[in-house]
Each structure stands twice: as C-alpha cells, then as structure tokens.
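All remarks here apply to the structure that follows.
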Amino acid sequence: MSTIAVINYGAGNLPNAVRALQYVGADVVITEDPAVVEAASVVILPGVGATQDTMRSLSELGMSKVLPAYIASGRPFLGICVGMQVLLEYSEEFGLHNCLGSIPGTVRMLPPGQKVPQIGWNQVRYSPEFANHALFKGIPDQSDFYFVHSFYCDVPDKVVAGRTTYGVDFPSVIIQNRLAAVQFHPEKSGRWGLKLLENFISWATSQNPISVDSNALESV
Amino acid sequence: MLTRRIIPCLDVKAGRVVKGVAFLNHRDAGDPVALAAAYNEAGADELVFYDITASSDERAIMVDVVKQTAEQVFIPLTVGGGIRTTEDMYRMLRAGADKVSINTAAVLNPQLISDGARQFGSQCIVLSIDARRVNEPNEAPRWHVFTHTGRDARPTGLDAIEWAKRGVQLGAGEIVINSMDADGQRTGYDLELLKAISTSVSVPVIASGGVGTPEHMYEGLAIGQADAVLAASIFHFGDYTVAQVKEYLSKRGIPMRQL
C-alpha cells in the first residue's frame with residue numbers, strides 16, 4: 001500500500017493541487033508531519049509564493065532535513081512551482097539564501113524586457129532525451145501549461161526534461177532519477193495538467209520504474 | 001511563447017448565472033458550475049465569477065459554487081464582487097478560487113491590496129478599475145476612477161493611470177481595466193485607455209468593457225497591448241464561441257493556447 005503524501009506548509013495552492021490529484025484518482029494524505037514524509041512512498045510538494053517564506057515554513061515543520069533525505073533515498077517526488085524552486089541549492093529571491101539542495105543550481109529572476117510575473121499559458125518543449133519519459137506519456141510536445149512566476153530554476157542541462165521561453169529559455173520540467181518538478185501549475189493547466197499528474201502517479205506507484213524510464217535514467 | 005488569454009466572465013446572483021447563455025443546448029444555462037465546465041471544454045483560458053449578490057446569505061452560496069467548480073474545472077478561476085476584507089479573500093481562495101478581484105473596496109481602503117498580497121501573494125490579487133474619460137474634447141485624454149458601477153457610479157477624482165500604478169506598488173498582481181464609456185456598447189475597447197495602462201504597469205493587464213466582435217479583441221490585444229481579454233455577452237449570447245474567437249486571433253498572429 002503506497003502513501004502519497006502532500007505536504008501542507010500553508011501553500012495557497014494546496015487545496016487545488018489536492019482536488020486535481022483526487023480528480024485523477026490519487027488517494028492522497030495531506031500532512032504536516034515529517035514522520036509521515038519519512039515513511040511515505042510518494043511525496044508531493046505544492047507551492048505558491050516566495051522561496052524564502054517556503055523554506056522558513058518547511059523548517060518550522062521540521063521538513064528541511066527530512067525532505068532532502070527522502071529525495072536522496074530515491075523514492076518518487078513531485079515539486080510544483082515554488083515546490084520545484086526550493087529543491088535547488090540557492091535562491092536569489094529577496095537576497096541570496098540556501099534552499100534544500102537536492103538539485104544543483106540557483107533560483108534566478110526572470111530577465112527584464114517583459115511583464116513579470118509571467119502569468120498565463122506557455123509551451124513546454126521536451127528535451128530529446130526525455131521526450132518518451134513516462135511523465136509526458138500522451139501529452140504532445142509543446143503543449144501549453146499555466147504559469148505564474150517571477151523566478152526560474154537555473155540548473156544543469158542533464159536534469160532539464162522540458163524548457164519554456166519567456167525572455168530566457170528556462171527549465172520548466174526537471175527530472176532527476178525519480179524526482180520530477182514543474183515550474184507551471186499542473187492543477188490549473190486543464191487536460192494536459194491533469195494528464196501530467198495522472199502520469200506522475202502511475203510512474204511513481206509503478207513497481208518497475210526502470211522499464212518505463214530506461215533512457216531517462218541512463219542520461220541522468 | 002506566452003499566449004494571450006481569453007477569459008469569459010459570468011455574473012452570478014444567489015448561485016445562478018444571470019445573463020443568458022445561448023450556446024448551451026443541453027445544459028442548465030443558469031448553473032455556473034455547468035457553464036464553467038462548458039467554457040473549460042470550449043477552450044477558455046481562465047474564468048471569472050462576478051458575484052452580484054447583495055446579502056450575506058447569498059454570498060455563502062457563492063462560496064459553495066466556487067467549491068463545486070474547483071472540484072471539476074482545472075483552469076484558473078477568479079472571483080470578484082463583494083470582497084471587502086482579507087477574510088472575504090480567504091473564504092474564496094480556500095473554496096478554490098485562484099485569484100480574487102477587488103474594485104470599490106480597494107479604492108476605499110488601498111491597504112486591502114497590500115494586506116491581501118502579503119497574506120496570499122500578489123498572484124492572488126487582481127485590481128479591477130472602472131474608468132471613464134473626463135477630459136474635454138480638445139484636451140489630451142484623461143480617465144478617472146469610478147466606484148459603485150452602474151447607475152450608482154461615483155467619481156473618486158483618482159487618475160486611472162496613477163491608480164493602476166499605485167495598485168501595482170501595493171501588490172496587485174494583475175490589473176483589469178474596464179472602460180465605462182465603452183461598456184455595454186459593443187463597439188470595441190477604449191484602446192487609448194488600455195494602451196496607457198498596459199505601458200504604465202509591470203504586471204499583466206486585462207481588457208474589459210465594450211467588446212462586440214473578435215476584431216475588437218484583436219485590437220485590444222494588438223493595439224491596446226492587453227495581455228488578456230475579458231468578455232461576457234459576446235460568448236453568453238452565442239454570437240461567437242471561444243474556439244471561433246481563438247481561431248480568428250491565431251490567424252491574425254496573436255499567440256493562442258492550443259487545446
């Protein structure tokens with residue numbers, strides 16, 4: 001029996017993320033308890049807002065050590081929006097500060113020259129080595145997803161599964177082993193967002209992830 | 001490329017959509033949840049529920065409508081009308097709204113913008129501005145902000161462009177600009193007003209008021225430089241479908257979300 005734990009640290013999109021996960025059939029547990037995360041078989045970290053506030057909230061819950069340890073154990077994880085950004089080593093938002101450090105890289109501000117935040121639907125272009133990944137199953141390349149953000153993840157190419165252009169080509173999907181993270185809001189991205197959540201759940205709960213994901217794993 | 005958004009707006013009173021919706025052949029045209037689902041399927045990029053309810057009993061119904069919608073429709077949902085406090089915001093956001101839109105309450109108490117932005121994030125706070133031209137015909141255009149729209153509209157003396165800038169400084173994440181001169185006329189947006197606002201603020205601007213044809217939407221996006229267009233009657237009365245509008249705008253070079 002696998003427990004899908006959604007971490008409740010006060011993120012505004014938690015209820016809607018949970019509704020979307022339930023809509024695609026996921027049986028989720030909403031938790032503030034690090035012990036539940038330590039024992040979980042799938043963990044989802046939603047997010048809206050700033051990395052610094054999110055890091056503070058995670059620390060207060062006792063999650064800032066537990067989460068990197070959970071991820072390092074190789075169990076499935078999904079980060080959404082700020083739940084993606086806090087996975088990096090550092091963030092430049094409101095002054096450079098440390099984040100969880102599960103993925104190498106820094107959270108940077110979107111470049112000037114267009115409206116910030118980016119609000120609206122934009123395309124995700126798959127990296128060739130990830131185009132057949134289980135996360136993208138049945139979702140056409142360059143499908144539109146709903147973004148709301150002022151900062152983006154600057155990470156090494158090898159973990160970038162999808163990119164989006166807004167003044168800069170930024171990583172909109174990261175995959176590293178059994179960790180997936182998305183800059184957009186799948187819970188607000190209509191049918192393709194729901195499909196991505198459904199794909200994540202079946203990838204995360206499948207007994208034999210290697211068989212659906214051999215190319216991606218080799219490339220990481 | 002970031003696409004421009006088409007946002008149908010539904011006026012809801014005591015849990016029922018009040019304007020006619022002609023395109024729903026087999027559904028309850030007064031049911032906001034069914035309508036939201038239909039617009040989602042039709043390709044709307046976002047939805048707005050505007051609560052024109054008067055009493056607090058009826059507001060409780062709106063919370064329930066938002067909750068039911070959020071359980072079935074997975075595109076962004078904004079709720080406006082009657083939001084006067086951060087508690088009102090919290091109720092709607094917790095029910096499943098992604099954003100709340102404030103208008104008169106923000107003019108009366110600008111701190112509502114900053115309080116809302118601090119508690120829920122700027123991305124949740126949409127500042128809606130009703131503006132009317134106040135210049136003489138031989139003068140450069142100027143617009144003032146009005147509150148309490150409709151027959152009860154009251155001048156504030158605030159310059160619309162200055163108010164938009166101040167709203168963004170206070171933490172508004174998006175601006176809806178509604179031309180009271182164009183509203184209901186179906187002769188197109190006030191493009192000068194739109195462009196003046198769009199080029200004055202750093203956040204997305206949503207055009208409202210006056211649209212009668214897809215070409216008006218094109219003008220609002222291309223000339224008015226709006227990031228999104230809000231529309232009610234053009235869709236509700238079945239003149240055009242969302243898909244028709246999007247196809248038209250795509251052909252004219254406006255980036256649109258592909259379904």
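Residue numbering restarts at 1 for every chain, and letters A, B, ... go by the order of the sequence lines. Because only heavy atoms are used, hydrogens play no part in the values below, and waters and symmetry mates are left out as well, while side chains stay in. The structure presented is a predicted model; accordingly, all values stated were derived computationally and were not measured.
Among residues 160-175 of chain B, the residues having any heavy atom closer than 4.5 Å to a heavy atom of chain A are, in sequence order, B:G173, B:E174. Contacts with chain B (heavy atom to heavy atom, under 4.5 Å) involve these residues of residues 112-119 of chain A, listed by number: A:K115, A:V116, A:P117, A:Q118, A:I119. Listed by sequence position, A:E187, A:K188, A:S189, A:G190, A:R191, A:W192 are the residues of residues 183-192 of chain A in contact with chain B, using a 4.5 angstrom heavy-atom cutoff. Proximity to chain A among residues 191-209 of chain B is limited to B:S198, B:V201, B:S202, B:V203, B:P204, B:V205, judged by heavy-atom separations below 4.5 angstrom.
Contact of the B:V33 side chain with the B:L35 side chain is not registered, since no non-hydrogen atoms from C-beta on lie closer than 4.5 Å. The shortest side-chain heavy-atom distance between B:D98 and B:T78 does not fall under the 4.5 Å cut-off. Within the 4.5 Å cutoff, the side chain of A:N199 has no heavy atoms near those of the A:F136 side chain. Counting only heavy atoms from C-beta outward, the side chains of A:F151 and A:V82 never approach each other to under 4.5 Å. Here the side chains of A:P76 and A:Y70 are in contact, with some heavy-atom distance below 4.5 Å. In this structure, A:I139 and A:F145 have side chains that are in contact, with non-hydrogen atoms separated by less than 4.5 Å. Residues A:V173 and A:L135 have side chains in contact (heavy-atom distance under 4.5 Å, counting atoms from C-beta outward). In this structure, the side chains of A:Y152 and A:T164 stay at 4.5 Å or more apart for every pair of heavy atoms.
Per-residue heavy-atom pair counts under 4.5 Å with chain A were compared for B:L93, B:V73, B:D227, and the maximum is reached by B:D227. Most heavy-atom pairs under 4.5 Å with chain B: of the set A:A50, A:P15, A:G120, this distinction falls to A:G120. For chain A, the option among B:E46, B:Q123, B:M1 with the highest count of heavy-atom pairs below 4.5 Å is B:M1.
For the pair B:R91 and B:E87, the salt-bridge criterion is not met [side-chain N within less than 4.0 Å of a carboxylate O]. In summary, B:K67 and B:D64 do not engage in a salt bridge, as defined by a charged side-chain N under 4.0 Å from a carboxylate O. Between B:E215 and B:R252 there is a salt bridge, since at least one side-chain N of the basic residue sits less than 4.0 Å from a carboxylate O of the acidic one. Salt bridge status for B:R257 with B:D45: present, with a side-chain N to carboxylate O gap under 4.0 Å.
In this structure, chain A has heavy atoms under 4.5 Å from both the backbone and the side chain of B:L2. If you measure heavy-atom distances from B:A228 to chain A, you find no contacts under 4.5 Å at all. At a 4.5 Å heavy-atom cutoff, the contact between B:R5 and chain A is made by side-chain atoms alone. Contact annotation for B:A44: neither backbone nor side-chain heavy atoms come within less than 4.5 Å of a heavy atom of chain A. With a 4.5 Å cut-off on non-hydrogen atoms, B:R4 does not touch chain A at all.
Atom OH of A:Y23 has 12 or fewer neighbouring heavy atoms from other residues, nucleotides or ligands inside a 6.0 Å radius.
For the pair A:A17 and A:P46, the tightest heavy-atom approach, listed with the atom from each and the gap, is CB-CB, 4.2 Å. Minimum heavy-atom separation, A:G47 to A:N13: N-OD1, 3.1 Å. Of all heavy-atom pairs between A:V124 and A:G162, the closest is CG1-CA, 4.1 Å. For the pair B:V17 and B:D31, the tightest heavy-atom approach, listed with the atom from each and the gap, is CG2-C, 4.3 Å.
A:S41 contributes a side-chain N or O that, together with a main-chain N or O of A:T3, makes up a donor-acceptor pair within less than 3.5 Å. A donor-acceptor distance shorter than 3.5 angstrom exists from the side chain of A:N122 to the backbone of A:T165, with no hydrogens or angles considered.
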Output, in order, the C-alpha distance, side-chain angles, deciding distance and verdict of side-chain contact (heavy atoms from CB on, under 4.5 Å) for A:F130 and A:I175. CA-CA 9 Å; A:F130 288 94; A:I175 296 176; 3.7 Å; yes

